[in-house]
Amino acid sequence: MDKDKQHNLDLRYLRMARIWAENSYCTRRQVGCLVVKGQRIISDGYNGTPSGFENICEDDGNVTKPYVLHAEANAITKLARSHNNSDGATIYITDEPCIECSKLIIQSGITRVVYARHYRLHDGIELLGRTNIEVEYLNPDEEEKS
């Protein structure tokens, strides 16, 4: 696939991940992601509490509860319960992945990460940089301005 077509697809999937993030009940930060393989969405996720828990992500002090799952963890574990696998897939994330999610990405066989918003910690991206996984920052808002 040529670079322009891939770039346009990347922007489209990131915009879709943003829409998917709107499903999150978290108030501090809503994060969404899509796992795409062969131009087909094979999994999706957004940050939130585990199945069966109340949909409240923060405590009374507005601190995220320790059992809240990140969007990437939800998407990757959803894949584990399906007939799909993520070998060679791309994960599109609204936010820079943390180190825990980066470990899951590495183990899942995903070969490309595209994210749209930086985070204050960069240890996840640094860990991915030690692998053969392609990492790209691409912000649809910045693209629309240029």
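Residue numbers start at 1 and run along the sequence shown.
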Full working for side-chain contact (heavy atoms from CB on, under 4.5 Å) between Ser86 and Lys37: CA-CA 7 Å; Ser86 50; Lys37 186 174 179 178; over 6 Å; no

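- No donor-acceptor pair under 3.5 Å is formed between the side chain of Glu58 and the backbone N or O of Cys26.
- Atom CG of Asn74 sits about 4.5 Å away from atom CG of Leu69, to the nearest 0.5 Å.
- Between Arg112 and Asp10 there is a salt bridge, since a side-chain N of the basic residue sits under 4.0 Å from a carboxylate O of the acidic one.
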Intermediate values then yes/no, side-chain contact (heavy atoms from CB on, under 4.5 Å), Glu96 and Arg120: CA-CA 9 Å; Glu96 183 174 339; Arg120 62 183 170 83; over 6 Å; no

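- Checking each of Ile93, Asn47, Ile110, Leu104 against Glu72 for a side-chain contact (heavy atoms from CB on, under 4.5 Å) leaves exactly one that passes, namely Ile93.
- Ser102 OG to Ile99 CD1: the interatomic distance, rounded to the nearest 0.5 Å, is 7.0 Å.
- Heavy atoms of other residues, nucleotides or ligands lying less than 6.0 angstrom from CD of Glu54 number more than 12.
- At a threshold of 4.5 Å between non-hydrogen side-chain atoms, the residues Val135 and Ile125 count as touching.
- Heavy atoms only, all atoms of each residue included: Asn62 and Thr27 are closest at OD1-OG1, 3.9 Å.
- Rounding to the nearest 0.5 Å gives a distance of 8.0 Å between CG of Leu127 and CG of Asp123.
- The hydrophobic clustering, which links ILVMFWY residues whose side-chain heavy atoms are closer than 4.5 Å, places Leu138 and Ile41 together.
- Between Tyr67 and Pro50 the shortest heavy-atom distance is O-CD, 3.4 Å.
- With no hydrogens or angles considered, no side-chain donor-acceptor pair links Asp2 and Gln6 at under 3.5 Å.
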Asn84 and Arg40: CA distance, side-chain angles, deciding distance, side-chain contact (heavy atoms from CB on, under 4.5 Å) verdict: CA-CA 11 Å; Asn84 290 311; Arg40 190 170 66 90; 3.4 Å; yes

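- Under the 4.5 Å side-chain contact rule for hydrophobic residues, Ile76 and Tyr46 do not share a cluster.
- Using a 4.5 Å cut-off on side-chain heavy atoms (C-beta onward), Thr111 and Thr90 make no contact.
- Between His118 and Tyr137, the ring-plane angle classifies as parallel under the 30° and 60° cut-offs.
- Of the possible donor and acceptor atoms, one in the side chain of Asn139 sits under 3.5 Å from a partner among the backbone N and O of Ala116.
- Residues Cys33 and Ala71 come closest through the heavy atom pair SG-O, 3.4 Å.
- Note that the CG atom of Leu128 and the CD1 atom of Ile105 stand 5.5 Å from one another [nearest 0.5 Å].
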Asp44/Val35 under side-chain contact (heavy atoms from CB on, under 4.5 Å): CA gap, chis, key distance, verdict: CA-CA 6 Å; Asp44 53 60; Val35 180; over 6 Å; no

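- Connection of Ile91 to Val36 is not established within any shared hydrophobic cluster, with ILVMFWY side chains joined at heavy-atom distances below 4.5 Å, either directly or through further cluster members.
- A donor and an acceptor atom, one from each side chain of His70 and Glu100, are nowhere located under 3.5 Å apart.
- Considering every non-hydrogen atom in both Tyr92 and Ala17, the closest pair reads O-CB, 4.0 Å.
- Rounded to the nearest 0.5 angstrom, Ile42 CD1 and His83 NE2 are separated by 13.5 Å.
- Contact annotation: the side chain of Thr49 never approaches that of Ile56 to less than 4.5 Å [non-hydrogen atoms, C-beta and beyond].
- Ion pairing between Asp141 and Arg15 fails under the 4.0 Å rule for side-chain N and carboxylate O.
- In terms of hydrophobic clustering, with Ile, Leu, Val, Met, Phe, Trp and Tyr side chains grouped at heavy-atom distances under 4.5 Å, Tyr119 and Val68 are assigned to different clusters.
- With respect to Lys65 and Asp59, no salt bridge is recorded, no charged nitrogen being found less than 4.0 Å from a carboxylate O.
- Residues Trp20 and Met16 do not share a hydrophobic cluster, defined by chaining ILVMFWY side chains whose heavy atoms lie under 4.5 Å apart.
- The minimum heavy-atom distance between Pro140 and Leu11, with the atom names listed, is CA-CD2, 3.8 Å.
- The two residues Ser24 and Gln30 have their closest heavy-atom pair at O-NE2, 2.7 Å.
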